[in-house]
Student: 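Dumping the structure here so I can ask a few things about it.
In what follows, chains are A, B, ... by sequence order, proteins preceding strands, each numbered from 1. Side chains are part of it too, since the values below use all heavy atoms of this structure and drop only hydrogens, waters and symmetry mates. What you see is a predicted model; the values in this text were computed from it and never measured.
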Amino acid sequence: MTTALQYTLSGLAIGGIYALVALGFHIMWSAAKAVNFAHGDTLMIGAVLAVMGIDAGLPLPLACLLAILAGALFGVVLERFAVRPFIGTNASIGWMLTTIAVGIMAESLATMQFGGFSRPLPSPGVAGAISILGAGVYPQELVIPAVALLAMAGLHAMQRHTLVGRAMQAVAHNRQAAALMGINVNRIVMFSFGLAALFGAGAGVLVAPVIQASASMGVLLGLKGFAVAIIGGITSGPGVVLAGLAFGVMEKFVEGYVSTAAREIVGFSAMILVLVAFPQGLFGRREIFKV
Amino acid sequence: MKALYALGFALLAAILVVVPLTSGNEYELRLFMLFLIYGVIAVGLNVLVGLTGLVSLGQAGLFALGAYTGAILAIRFNLDLVLASIGAAVVAGLFGAALAYPSVRVRGVYLAVVTIAFGLIVENAAIEWQSLTGGTTGLSGIPGPNLFGYPLSGYAFYAVLAITLFLATLATHNLKHSGYGRAMLAVAQSETAARSLGIGATGIRTLAFAVAAMTAGIAGSFYAFLNAYISPDIFTFSDSVRFLLMVILGGAASTFGPVVGAIILTYLPEVLQRFAEWQKFAYGALLLAVMFGLPGGILGTLGQLYARLRPGPRGVDPSQGMPAAELLVGRKPASLETHSLTVRFGGLTALSAASVRVAPGEIHALIGPNGAGKSTFVNTISGFYRPSEGGVHLDGTDLAGIKVHGIARLGLARTFQNTELFGQMTVLENVMVGGFAYHGYGLPGAILRTPRFRREEAACRAAAIGLLDFVGLSDAANEQARFLPFGHQRRLEIARALATRPRLLLLDEPAAGLTTQEIDELEAMIRKIAGLGVSVLLIEHHVDLIMAVADTVTVLDYGQVIASDRPETVQADPRVIEAYFGGPSAILNEEAA
Amino acid sequence: MVAPKYLRRVFLAAPLAFTIPSSVLAQQEPCIGNSAAITGPAAFTGQAIRMGAEIAIEEINAKGGVLGKPLRFVQYDDAGAPPRGVDNTRRVALADKCIVILGGYHSTVSVAQVEPVHAIGIPFVGVLAANTQAIENGRNPNYMFRVSAKDKWVARFLVEQAAKVSKNGKIAFFYENTGWGNGAVPDVKAAIAKSGKELVATETFNWNDQDMTAQAIRARDSGADVALFWALDREGNQLVRSMDKVGYKPTIIGAWGIAGNLGELAGPLANGVEVVQTYSFMGNLDHKGQALWQKIQTKYGLKDPSQIKMGSGVANTYDAVYIVAQAIEKAGAYDWKKVREALYQVRYDGLVAKYDPAFDSSDPERQDAILPSEYKLTVWSDGKLLPIAQTPYGRTN
């Protein structure tokens with residue numbers, strides 16, 4: 001029982017990270033029908049820059065804030081120079097490869113600047129573990145899924161109640177129509193990529209105290225975030241967040257009862273199976289085929 | 001162009017022969033052998049990426065499957081190089097074909113993610129399944145390359161690799177220039193149109209996946225023999241990216257592009273070594289530079305340059321063609337009947353108990369205001385939509401449950417309201433795609449270029465030229481379809497549909513966007529088509545045209561048939577007049593304006 | 001199956017097989033090659049090898065080089081990937097014609113190198129990777145040598161230490177699911193069986209795993225009071241944190257994967273974690289160590305010994321280069337075969353150990369130069385990895 005609770009709590013923490021990353025993929029996909037394959041590296045940039053900020057003598061909150069803003073800027077720049085030139089071309093291979101290339105460059109640059117080692121990000125959230133019914137957990141780990149849920153709710157509110165949020169909805173629904181209505185589609189797409197990167201870098205800063213920051217931390221988290229987005233249904237914000245939390249918990253149970261290599265096998269197989277059974281994901285909107 | 005290909009193959013052969021004789025030391029030769037192995041993967045992957053337009057970022061997984069299968073067969077069952085490699089090809093091929101299945105449901109980036117997931121699953125399975133794969137420690141002690149129990153010398157093994165790459169390049173070249181290659185390109189450029197021409201898109205994609213997987217499997221087995229050691233970390237996501245980049249860098253869909261890409265990316269790490277810790281950065285920068293600077297790849301860009309500098313003839317000589325009448329001779333026009341056809345989308349009833357009968361050999365027009373259900377009707381009888389109730393019979397054959405390409409093969413051809421051409425193929429190739437269902441030479445015939453293949457290809461070409469002449473496009477035969485003016489694109493679609501030798505042709509608003517003169521020409525052409533013994537179902541707004549050519553007119557309104565009779569009778573029908581909110585003359589005036 | 005005669009002739013008669021006898025190509029050059037990780041997460045290990053090799057070679061060349069010619073050092077990046085290590089091996093041997101190739105940090109690479117090293121017949125001297133099977137590979141003649149720790153001996157060393165501190169005789173074993181970790185499993189099991197203690201939990205994990213509470217819970221419930229680690233810093237940190245979370249506090253003793261920056265990563269949780277090393281630049285140095293540290297300071301601009309990540313790698317490489325240089329002098333030729341034989345003749349008083357002799361041709365276990373008696377136990381103490389005798393932890397046992 002304690003073991004199950006331990007797995008659930010640990011799973012929710014890592015699931016919260018998947019959820020935040022997947023939420024970024026949801027935002028980008030809605031805006032551009034394209035995503036940043038280097039989104040995992042956005043997370044890495046957030047974490048690594050926060051640690052480097054501390055190294056430079058900045059106080060923790062300021063370092064984290066600057067790191068998150070830098071991550072968002074990375075998203076904006078990447079959209080402008082690596083994604084936009086390839087939007088609208090028939091195949092998605094263009095932006096897939098350019099963003100992968102930027103990811104390779106970002107990771108290599110980070111390795112050189114930051115070193116190959118993992119580094120800790122000090123946080124009051126990991127100063128001491130607390131015990132819940134015998135299961136140990138850092139306060140930081142409880143904060144992560146809460147932030148993911150807050151981000152989901154915030155995004156929802158923004159899409160409903162703000163002008164830019166409604167414009168994002170319009171662009172997601174029909175790009176051409178939105179342009180005809182006077183919405184600056186390019187600016188909305190750029191904003192969306194920035195917002196997604198903000199969530200990504202935020203996830204990096206949140207998770208760094210728990211799993212430590214390193215140049216190579218982003219790749220797998222990014223891929224899994226995308227897998228989660230597909231499982232949840234990339235068109236549905238709440239869907240991807242729920243799928244992320246569930247995926248994290250499932251991973252912990254597989255890891256606990258089978259093995260860590262089985263974890264990846266089970267996780268990615270689940271993604272393929274969901275995709276075959278529900279091409280639009282569990283909570284996604286079906287896209288109607290038109291001749 | 002043909003001479004250029006011959007020159008290319010001669011050059012490739014010469015390089016493959018000269019390199020081992022001139023390489024300074026064993027290391028150089030070995031590196032070149034590594035290139036040969038990567039080349040085989042890239043050439044196979046080109047069929048998937050270049051021809052069929054599907055992105056695989058999991059090729060390293062298939063490479064791993066081949067390597068492990070080959071190694072295990074060699075270690076445990078003492079199989080020789082050839083048998084182990086065949087085993088590897090079969091195992092990888094089966095997995096590749098299975099990977100094609102998700103592509104039935106998902107495309108593009110989704111499919112790419114499925115392939116990434118597949119690669120990661122294979123990598124982790126190799127780690128997890130210790131008893132078979134040796135886990136993370138890997139498999140060592142793979143016997144040296146041998147044939148029939150005799151060990152191969154280094155040069156003999158080299159010869160095996162070199163011949164494999166040469167043959168793989170030749171085979172994919174032949175595949176590309178056959179009906180299968182055209183079908184793959186067609187599926188990539190417009191799946192909808194390809195299916196309506198009798199091409200089973202799923203089958204074609206499965207074939208492409210299987211080809212790419214089998215070559216990766218063979219390459220994997222060769223790799224295991226060359227390296228004598230394999231472990232899971234040889235087959236990572238970044239290797240999959242590299243394999244894909246080989247194809248893109250060299251030039252997707254080109255014959256020699258993947259070979260060029262493989263050679264560059266095999267030797268690149270050697271060059272990048274001097275950048276020390278900057279080498280990964282340089283690799284990323286190069287990838288970026290290729291995507292921006294050479295989107296068509298090296299050979300793709302060179303090919304465009306060549307085409308610009310030495311443009312070939314724009315058209316073909318119509319006398320090389322087989323007259324359309326000859327092509328369609330001896331075919332009986334088909335009848336089409338729908339019984340209380342009902343189609344619902346959610347709560348919306350687009351088509352409600354529509355019963356229509358197209359008599360053999362007649363020109364039957366289907367009209368109705370916007371939203372009357374015309375498009376739904378067309379898409380349902382051609383198999384794109386499933387009827388909720390009722391059924392369709394073509395010459396008495398129930399079409400229920402038959403897929404789009406099956407219906408096309410029964411003799412129903414169609415054009416599209418928004419033209420669905422294969423934009424990056426030539427006009428002539430577009431029409432030749434329509435002949436796909438008549439190729440009897442099979443895959444081996446295409447790869448080996450058998451006499452039967454040559455005969456049937458020549459016939460297919462002649463038929464296509466004849467049809468181009470029939471629609472008046474033979475002087476633009478070598479133009480890319482997307483550069484044709486709009487009116488010509490419509491005619492090309494008709495020629496392409498006729499290439500399936502249909503017994504009933506479905507024209508979906510063929511006059512939309514045409515000039516008055518073009519409409520007159522269309523009118524004559526529809527009569528000529530009917531004269532060839534093809535029933536015509538014409539969906540049109542243009543009342544002038546309908547009144548001029550139709551034998552029977554059916555009017556749809558709110559998904560229901562409100563009239564079906566001779567044109568002049570329908571024109572006088574008060575319900576029809578009401579549906580259009582005005583008199584027949586008003587329709588005429590409105591449409592003419 | 002019977003091959004047609006002509007086939008046999010074609011495939012067998014090719015006179016130039018891949019295994020060209022080294023005597024034919026005996027124009028090796030005075031160069032020492034190396035395939036190591038220069039990029040990627042383990043780039044610091046390639047750097048450590050580079051430091052040790054460059055300083056040793058400078059010193060040797062200042063005294064006239066070997067056989068009258070200066071030595072060169074060639075290093076290629078394998079990023080920890082076996083296939084690149086294999087390619088680099090061939091490049092070093094056949095294109096650069098080096099006399100000896102030094103190994104890198106990754107055990108999987110070393111295992112993969114066994115095949116090409118023997119196919120070519122170039123002596124290989126490992127300076128970091130500790131995997132037992134890479135060197136004890138059953139080949140004869142064996143071209144694989146090592147001036148570094150060996151997992152089989154490390155396992156014995158650690159188990160002895162564990163037996164000393166364990167109160168209930170129950171030991172838990174955590175290892176990474178890689179060639180290095182898996183390679184150590186039989187060694188640890190054998191060592192524990194021999195010591196008469198009980199192995200009550202065997203837990204594994206993957207690189208980049210972020211949470212190991214599952215493993216920690218199982219080990220805790222098994223009652224082990226000593227935990228052996230075959231982990232790198234990143235995962236070692238997750239292990240101690242997960243143990244902390246589930247309230248499990250065994251004595252931790254690890255192989256040297258956690259000798260990098262565990263102290264920084266885990267903070268106070270790392271205090272008291274013991275690590276085996278072959279050498280440490282921390283604490284009080286003897287005059288040889290002092291001299292080397294000063295050269296590192298000036299040549300690479302380091303300020304504090306704690307900036308040397310993987311100091312054992314620097315020291316092992318430094319010694320290995322001297323041993324190789326002596327072997328070349330003894331062989332009297334830049335020749336792979338002769339140098340291999342001469343390696344068994346070298347006696348040298350080095351930085352890490354007194355090699356007497358370095359290797360022993362009569363004992364297959366003695367392809368390893370550093371004996372377990374030379375292994376040093378260090379301990380994490382407030383972010384620094386100090387020789388255990390110089391810390392409070394040393395006094396308690």
Student: Under 4.5 Å heavy-atom distance to chain C, tell me which part of Ile142(B) shows up: side chain, backbone, both or neither.
Tutor: neither
Student: For each of Asn177(C), Asn206(C), Val86(C), Val114(C), tally heavy-atom pairs with chain B at distances under 4.5 Å, and name the one with the top tally.
Tutor: Asn177(C)
Student: Hey, are Ser240(B) and Gln59(B) close enough side-chain-wise for a donor-acceptor pair under 3.5 Å?
Tutor: no
Student: Less than 4.5 Å to any heavy atom of chain C: does that hold for the side chain of Tyr27(B), its backbone, both, or neither?
Tutor: both
Student: Give a yes-or-no answer on whether the side chains of Asp77(C) and Thr39(C) include a donor-acceptor pair shorter than 3.5 Å.
Tutor: yes
Student: Should the pair Arg234(C)-Glu176(C) be classified as a salt bridge under the 4.0 Å nitrogen-to-oxygen rule?
Tutor: no
Student: For this output row, return yes or no: ring centroids of Phe205(C) and Tyr175(C) closer than 6.0 angstrom.
Tutor: no
Student: Which bit of Glu270(B) comes within less than 4.5 Å of chain C, counting heavy atoms only: side chain, backbone, both or neither?
Tutor: both
Student: Please state whether the side chain, the backbone, both or neither of Ala112(C) comes within less than 4.5 Å of a heavy atom of chain B.
Tutor: both
Student: Using the rule given for side-chain contact (heavy atoms from CB on, under 4.5 Å), can you reason through Ile263(B) versus Thr266(B), listing the C-alpha separation, both sets of side-chain angles and the distance that settles it, and then say yes or no?
Tutor: CA-CA 5 Å; Ile263(B) 209 166; Thr266(B) 308; 5.7 Å; no
